[in-house]
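Following: one structure in structure tokens, then a few remarks.
Quantities reported herein were computed from a predicted structural model and do not represent experimental measurements.
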Amino acid sequence: MPSNINILRISTRFHELFEEFIDMSDFPNDQQSHFETRALAATVLMIKCGLDPSGASSYITDGYRDMGIDAIYLDDNQKILFVVQSKWRNSGNGAITQEEVYSFVEGIKRILEFDLNGANTKIQSRKDDIETAITKIGYQIQAIYVHTGNENADAYTLRPINELMSRTNDEVSTILGFEELTYKEIYTFLAQGSNAENIILDDVVLHNWGKIEDPYVSYYGIISASALGEWYTEYGNALFAKNIRFYKGRTDVNEGIKKVLLQNPENFVYYNNGIKMLCKSIKRKALTSTNNITGIFTLEGVSLVNGAQTTGSICEAYNERQEQVEKAYVMIQLIDLTGVSEETTLQITKLSNTQNRIENKDFVALDPVQEKIRQELSFSHFTYLYKGGDEINDMRKQITSDEAIIALACLWEDLSYSTMAKRNAGALSEDINKAPYKALINPSTNSFHLINSVLILRATEEYLQSKKTGLSGKEYLVCTHGNRFIEHWILQELKNKEGFSERVIGDFEEDVRNIVDTMVPLIIQQINTYYSESYPANIFKNVTKCKEIERHLLSGNN
């Protein structure tokens with residue numbers, strides 16, 4: 001039995017929440033707190049992802065051959081794979097040890113390398129989720145070590161995970177993150193509960209505010225960005241209890257929000273769409289209520305239903321440079337739910353998150369060259385789709401503008417553009433008035449180059465997908481993350497094929513297979529020789545490293 005009263009309370013609450021959901025069939029006579037360890041991991045998923053006890057319990061992986069990992073959950077809304085290790089301490093004292101960190105790091109390495117051989121069936125059942133996280137652009141892995149000690153580990157203890165992050169992440173993208181939670185965070189969560197009705201914000205200051213009376217009472221105005229940073233710091237994802245998504249972390253969009261905040265805070269209110277909050281009740285205080293310049297409010301039962309990315313980005317910027325964020329303001333709408341039905345509340349939440357996002361493709365459609373390409377491709381019996389809303393439904397006779405610009409980037413002799421296509425494909429068409437877009441899409445763009453390049457890309461993607469089935473380790477990661485590098489190499493060889501510039505060739509499958517089978521082991525050899533400590537996903541987003549590998553391959557240093 002726990003000797004610490006707070007740990008005892010946590011244990012008691014765990015039994016109330018999880019006893020009917022956590023599978024303990026492998027430990028029918030649990031004498032070593034396996035139940036509490038698993039409940040601890042499940043609680044992390046409740047905190048970070050908003051799952052209920054039943055749902056969180058189903059993602060527990062703790063047990064024999066668990067790779068040192070106690071829970072795995074892919075949150076597609078946040079685009080984060082949560083990998084959790086938990087350690088129950090009855091005393092409520094101490095911190096994690098470096099040996100425990102080493103064990104966790106080894107499991108994370110296997111996740112990153114997609115090496116699940118020998119893992120238990122619970123981890124194997126998460127194989128598709130793990131594959132999604134390590135192969136799809138924009139996804140991150142968040143490693144969380146949770147324990148019921150009362151101390152955070154020092155830098156020396158965390159050295160193994162920090163070294164792994166430094167090898168895995170780079171200036172291009174953050175793939176792996178780490179967080180440590182102690183009993184204090186767990187106790188606070190269990191004491192407060194995850195219900196948004198528990199969140200009360202007092203002395204909320206609205207500037208230049210107004211009020212809408214019908215059909216539902218709501219207030220609008222501008223609020224200091226620093227207030228949002230403070231709220232998210234205190235309440236975390238509980239602030240988004242009714243939202244359809246939590247804060248996604250360091251995405252390109254969120255990094256853009258931070259950049260504006262830190263570089264041009266005074267104009268942030270004009271650039272950002274603002275936030276919307278639902279409140280169980282809203283009370284306006286009498287103080288400074290004689291005009292609409294400033295109003296002070298108390299908000300009860302708060303949930304932010306639109307603006308999670310803005311709020312999370314503000315919090316990150318606030319923690320970095322508070323003085324800059326204090327100069328910024330945000331538009332805000334507060335809706336009072338007093339007397340409002342649950343059905344209406346759900347409708348407000350849903351419709352607040354269904355606006356169509358403006359994509360680069362919508363601006364590409366304004367370029368008259370795109371229409372010229374469409375006309376030219378029609379003579380080769382291909383339909384060219386370049387407008388928003390166009391959907392491909394016949395791969396044999398349709399090509400999209402997204403495919404076209406990536407293919408042309410890989411066809412470009414210098415691999416800077418193909419590397420950009422891997423790092424951030426949207427950057428290729430970010431500005432239709434200058435390079436790289438203008439270099440790739442212009443009046444002299446050869447329609448047969450375009451068609452043949454797209455067909456080669458499709459053949460390469462299809463073969464890489466089939467080739468990596470059943471693979472793990474570097475071979476799997478090169479087939480996954482090295483696709484643009486490989487496609488660039490293939491196109492440099494096949495663009496010299498007779499007729500490449502004059503007609504649709506179409507039959508590239510055998511050439512593609514031969515080049516891929518030759519190139520993959522050579523690329524792995526280069527990585528092992530020059531970048532053995534770097535994670536492949538970042539190698540293939542780094543133009544300097546890609547050019548170095550290409551140079552060695554061309555010189556025959558294999």
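In terms of heavy atoms, Tyr139 sits closest to Ala133 at CB-O, 3.6 Å. Closest approach of Ser534 to Ile539, counting heavy atoms only: CB-CG1, 3.7 Å. Considering all non-hydrogen atoms of both residues, Leu428 and Ala421 come closest at CD1-CB, 3.9 Å. Summarising the geometry of His488 relative to Leu415, their closest heavy-atom pair is NE2-CB, 3.5 Å, with the distance given to 0.1 Å. Smallest separation of non-hydrogen atoms from Thr157 and Ile96: CG2-O, 3.4 Å. Across all non-hydrogen atoms, the minimal contact from Thr480 to Thr135 is CG2-CG2, 3.0 Å.
Separating the OG1 atom in Thr43 from the CG atom in Leu17 is a distance of 7.0 Å, to the nearest 0.5 Å. Put simply, SG on Cys410 and CE on Met420 are 12.5 Å apart, with the number rounded to the nearest 0.5 Å. From Ile282, atom CD1 reaches atom NZ of Lys211 across 9.5 Å, with rounding to the nearest 0.5 Å. One finds the CG atom of Leu176 at 11.0 Å from the CD1 atom of Ile111 (value rounded to the nearest 0.5 Å).
In this structure the side chain of Ile223 reaches within 4.5 angstrom of the side chain of Val204, judged on heavy atoms. The side-chain heavy atoms of Tyr270 and Tyr329, taken from C-beta on, include no pair separated by under 4.5 Å. Two residues are said to be in side-chain contact when any heavy atoms from C-beta on lie closer than 4.5 Å; Thr298 and Lys285 meet this criterion. Between Lys280 and Val302 the shortest side-chain heavy-atom distance does not fall below 4.5 Å. Side chains of Tyr535 and Ile134 form a contact here, defined as non-hydrogen atoms less than 4.5 Å apart. Considering only heavy atoms from C-beta on, Val269 stays 4.5 Å or farther from Val330 through its side chain. Glu300 places none of its side-chain heavy atoms less than 4.5 Å from the side chain of Cys279. In this structure the side chain of Tyr187 reaches within 4.5 angstrom of the side chain of Arg9, judged on heavy atoms.
With respect to Lys541 and Asp170, no salt bridge is recorded, no charged nitrogen being found less than 4.0 Å from a carboxylate O. The residues Glu550 and Lys547 are annotated as not salt-bridged, no charged nitrogen and carboxylate oxygen being separated by less than 4.0 angstrom. Note on Lys438 versus Asp431: no salt bridge recorded, every NZ/NE/NH1/NH2 to OD/OE distance being 4.0 Å or above. By the 4.0 Å N-to-carboxylate-O rule, Glu320 lies too far from Lys259 to be salt-bridged with it. One finds no salt bridge joining Lys545 and Glu548 here, because no Lys/Arg side-chain nitrogen approaches an Asp/Glu carboxylate oxygen to under 4.0 Å. Using a cutoff of 4.0 Å between basic side-chain nitrogens and carboxylate oxygens, Glu113 and Lys474 are not scored as salt-bridged.
Between Phe485 and Phe540, the ring planes lie tilted relative to each other; the angle falls in the 30° to 60° range. In this structure, Trp412 and Tyr417 have tilted ring planes: the angle between them lies in the 30° to 60° band. Between Tyr73 and Tyr59, the ring planes are perpendicular. Angles over 60° get that label, and only those under 30° would be called parallel. Taking the six-membered ring where tryptophan is involved, the planes of Trp209 and Phe297 are perpendicular, since the angle between them exceeds 60° and thus also 30°.
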Intermediate values then yes/no, side-chain contact (heavy atoms from CB on, under 4.5 Å), Ile161 and Ile108: CA-CA 9 Å; Ile161 186 67; Ile108 298 168; 3.8 Å; yes

Candidate pair Met46 and Asp52, rule side-chain contact (heavy atoms from CB on, under 4.5 Å), full reasoning: CA-CA 6 Å; Met46 291 178 65; Asp52 61 21; 5.9 Å; no

Working for side-chain contact (heavy atoms from CB on, under 4.5 Å), residues Thr148 and Ile186: CA-CA 8 Å; Thr148 51; Ile186 300 301; 5.8 Å; no

Pair Met277-Leu201, side-chain contact (heavy atoms from CB on, under 4.5 Å): steps then yes or no: CA-CA 12 Å; Met277 300 181 77; Leu201 303 176; 4.0 Å; yes

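Within a 6.0 Å radius of CD in Glu266, more than 12 heavy atoms belonging to other residues, nucleotides or ligands are found. Sparse packing is recorded around CG of Asp128, with 12 or fewer heavy atoms of other residues, nucleotides or ligands lying under 6.0 Å away. With a 6.0 Å radius and a threshold of 12 heavy atoms from other residues, nucleotides or ligands, Arg167 has its CZ atom above the threshold.
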